[in-house]
Amino acid sequence: MQHFLEFKDFTQAQYQYLFKRTAILKSRFKNYVRHMPLQDRTLVMIFEKASTRTRLSFEAGMHQLGGAAIYLNTRDTQLGRGEPVEDAAQVISRMCDLVMIRTFDQEIIQRFAAHSRVPVINGLTNEYHPCQILADLFTFIEHRGSIEGKTVAWIGDSNNVCNTWLQAAEILNFQVHVSTPPGYEVEPERAGLHSTGHFTEFQDPMMAVAGVDLVTTDVWTSMGFEAENEVRRKAFEHWCVDTDMLAAAKPGALFMHCLPAHRGEEVAAEVIDGPQSVVWDEAENRLHAQKALMEFLLRGELLDDQ
Ligand code: CP
Ligand code: NVA
C-alpha cells in the first residue's frame, strides 16, 4: 500500500506512468467514454481548510471513475471536538478505500497515514501540495513536452506549493529559480530536500525569471497564516509577476498559478489573463491527474487498453 503525502513518495518511473495515464483518462473524458475501474470504491475527503478545486476535482473524479466520494469537514465531525487523529484514522479507514486530507501540519497527515488501513492522499498541508504539482507538471508536458532540463521560476512566498516544486525538481531533474522577499526564503529541511542542487535563490525577482521556461507564483498569505496578512502585503509588494517580469522569461514561457489568485498582488491581471497563462488548463488538469492518481493507488499500473 502506498500513500501520497509528499511529492517524493513516488519515483520518477511512477510519475512517467501517471503522466501517460492522465493523458489517456483525459482523452476518454473528453470523448465521453465511460471509464469506471473504481466501482464500489469509496473516497473519504477530510477538509480542515477551505477548497474549491481540490474538493470538486476529487469528488467529480471519483464519481466519474464509478466510485463514491464523501465530504467531511472539521466543523461537523468529532475531529473538531478533539478526537485523536489516530482514532479517526482507524475508524475512517475501516469504512472506505481511500482517504484525502487537507489539513495544517504535515505531521497530522503522517499520523493519520500511520494508522490508516487504506492509502492516504495529501490534499494540501502547510508544507506541501503534491496533487497541485502533479497537475502542473502534466500541464507543462501537454504544452511543452518533457520538463527534464528546463527551468521554472518561483516568485513570492516559499510556501507549500513552492516546496513541492522543489521536491519535483529533484525527482524529475529540472531547475527552479526562487525569489522571495528577505526573511521568506526556502527552508530546505522543511521542504524535504536532499540537496540544494536543483534550486537557486535570487534576491531580485527579475534575475530569477531571466530566460526561464515557466513562471509561477501563489498567494502571499496561505491559509492558516492570515494573521500575517498586513505584514506580508508590505514585504511582498515587489514580488508581483507583471508583464515586465514575464517578458524577461524565455519568449513563449508559460505562466501558472495554482489559484485562487489575487490580481494586483502576486500577479498582474494582464499576466494571469494574458496569452502565456495556462491557469485554466492547470485547474482542469487537477481532475484528470487525480483520477490517474486514485486509480493508481487502488488498482496499480494498468495497460493502455484497460
Ligand atoms: N489550487 C487549489 O488547491 O485550490 P483549492 O484551494 O480551491 O482546492
Ligand atoms: N499556498 C496556498 C495554496 C492554496 C491552494 C495555501 O496554502 O493557502
Side-chain angles (χ1 to χ4, degrees), residues 4-7 43 45-62 69 71-74 99-109 121-140 152 154-168 176 178-181 184-187 190-192 214 216-229 231-233 235-236 239-241 255-263 265-267 272 277-291 293-294:
F4 189 50
L5 305 185
E6 51 187 302
F7 202 85
L43 165 74
M45 307 180 294
I46 303 168
F47 283 89
E48 300 213 81
K49 291 176 177 172
S51 169
T52 297
R53 280 145 288 268
T54 304
R55 176 181 178 177
L56 185 58
S57 51
F58 271 106
E59 192 163 336
M62 195 54 176
Y71 172 82
L72 300 178
N73 68 41
T74 314
V99 176
M100 185 242 87
I101 307 179
R102 168 168 287 197
T103 186
F104 293 89
D105 292 338
Q106 182 71 11
E107 190 224 342
I108 299 172
I109 202 169
I121 298 170
N122 182 345
L124 181 146
T125 57
N126 290 350
E127 285 82 3
Y128 306 119
H129 196 1
C131 294
Q132 182 68 52
I133 303 310
L134 187 65
D136 291 7
L137 287 164
F138 177 75
T139 308
F140 185 90
V152 175
W154 176 271
I155 306 300
D157 190 19
S158 64
N159 62 15
N160 41 13
V161 179
C162 174
N163 287 342
T164 311
W165 271 112
L166 296 174
Q167 285 199 359
V176 186
V178 182
S179 181
T180 67
Y184 295 93
E185 290 88 356
V186 172
E187 296 171 54
R190 182 173 158 85
L214 165 66
T216 185
T217 185
D218 187 13
V219 291
W220 292 340
T221 305
S222 288
M223 292 181 280
F225 297 85
E226 288 80 2
E228 299 174 19
N229 206 10
V231 177
R232 283 171 170 266
R233 233 187 256 265
F236 283 80
W239 277 262
C240 171
V241 179
F255 173 77
M256 290 190 196
H257 189 310
C258 65
L259 306 175
H262 297 78
R263 288 170 177 75
E265 291 191 15
E266 76 275 5
V267 61
I272 193 167
S277 171
V278 291
V279 296
W280 312 126
D281 288 345
E282 182 187 0
E284 177 191 325
N285 284 335
R286 293 289 303 278
L287 172 71
H288 309 301
Q290 289 162 196
K291 283 169 72 177
L293 172 69
M294 291 192 284

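Both ligands and their constituent atoms are indexed starting at 1 by order of listing. Just so we're clear, the structure is a prediction, and the values are computed from it rather than from any experiment.
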Checklist line | Ligand-residue contact atoms, ligand 2 with L259, heavy atoms, under 4.0 Å | finding: 5 (C)
Checklist line | L259 vs W280 side-chain heavy atoms within contact, under 4.5 Å | finding: yes
Check: M223 heavy atoms, cut-off 4.0 Å: which ligand 2 atoms fall inside?
Finding: 6 (C), 7 (O), 8 (O)
Next item on the list: Please answer whether the main-chain N or O of D157 pairs with a side-chain N or O of T180 as donor and acceptor at a distance below 3.5 Å.
Entry: no
Next item on the list: Report yes if N160 has an N/O atom closer than 3.5 Å to an N/O atom of ligand 2; otherwise report no.
Entry: yes
Check: Based purely on interatomic distance, does D218 place a nitrogen or oxygen under 3.5 Å from a nitrogen or oxygen of ligand 2?
Finding: yes
Check: Taking the six-membered ring of F47 as reference, does the NZ or CZ atom of R55 fall below 6.0 Å from its centre and within a 45° cone about the axis?
Finding: no
Item checked: Ligand-side contact atoms (ligand 2) for residue partner L124, heavy atom cut-off under 4.0 Å -> 3 (C), 4 (C), 5 (C), 7 (O)
Check: At a 4.0 Å cut-off, with the gap strictly under it, does some heavy atom of T221 reach an atom of ligand 2?
Finding: no
Notebook entry, point to check: Do side-chain atoms of T103 reach the backbone of E48 as a donor and acceptor pair under 3.5 angstrom?
Noted result: no
Checklist line | Validation row: I101, I108 side chains within 4.5 angstrom (heavy atoms) | finding: no
Margin query: Please list, in number order, the atoms of ligand 2 under 4.0 Å from a heavy atom of N159.
Written below: 1 (N)
Item checked: Q290 side chain reached by M100 side chain, heavy atoms, under 4.5 Å -> no
Check: Taking only residues two or more places apart in sequence, or in another chain, which ones meet F225 in a ring pair (Phe, Tyr, Trp, His ring centres under 6.0 Å)?
Finding: none
Check: Looking only at non-hydrogen atoms, which of P260, S222, C162 approaches atom 6 (C) of ligand 2 most closely?
Finding: S222
Next item on the list: May I ask you to test the W220-N159 pair for a side-chain heavy-atom distance under 4.5 Å?
Entry: no
Margin query: What does the 4.0 Å heavy-atom contact list look like for ligand 1?
Written below: S51, T52, R53, T54, R102, H129, Q132, C258, L259, R286
Checklist line | Test item: R53 side-chain N/O and A283 main-chain N/O as donor-acceptor pair under 3.5 Å | finding: no
Next item on the list: For the pair Q106 and T125, evaluate side chain to side chain donor-acceptor pair (under 3.5 Å) and give the outcome as yes or no after the intermediate values.
Entry: CA-CA 6 Å; Q106 182 71 11; T125 57; 2.7 Å; yes
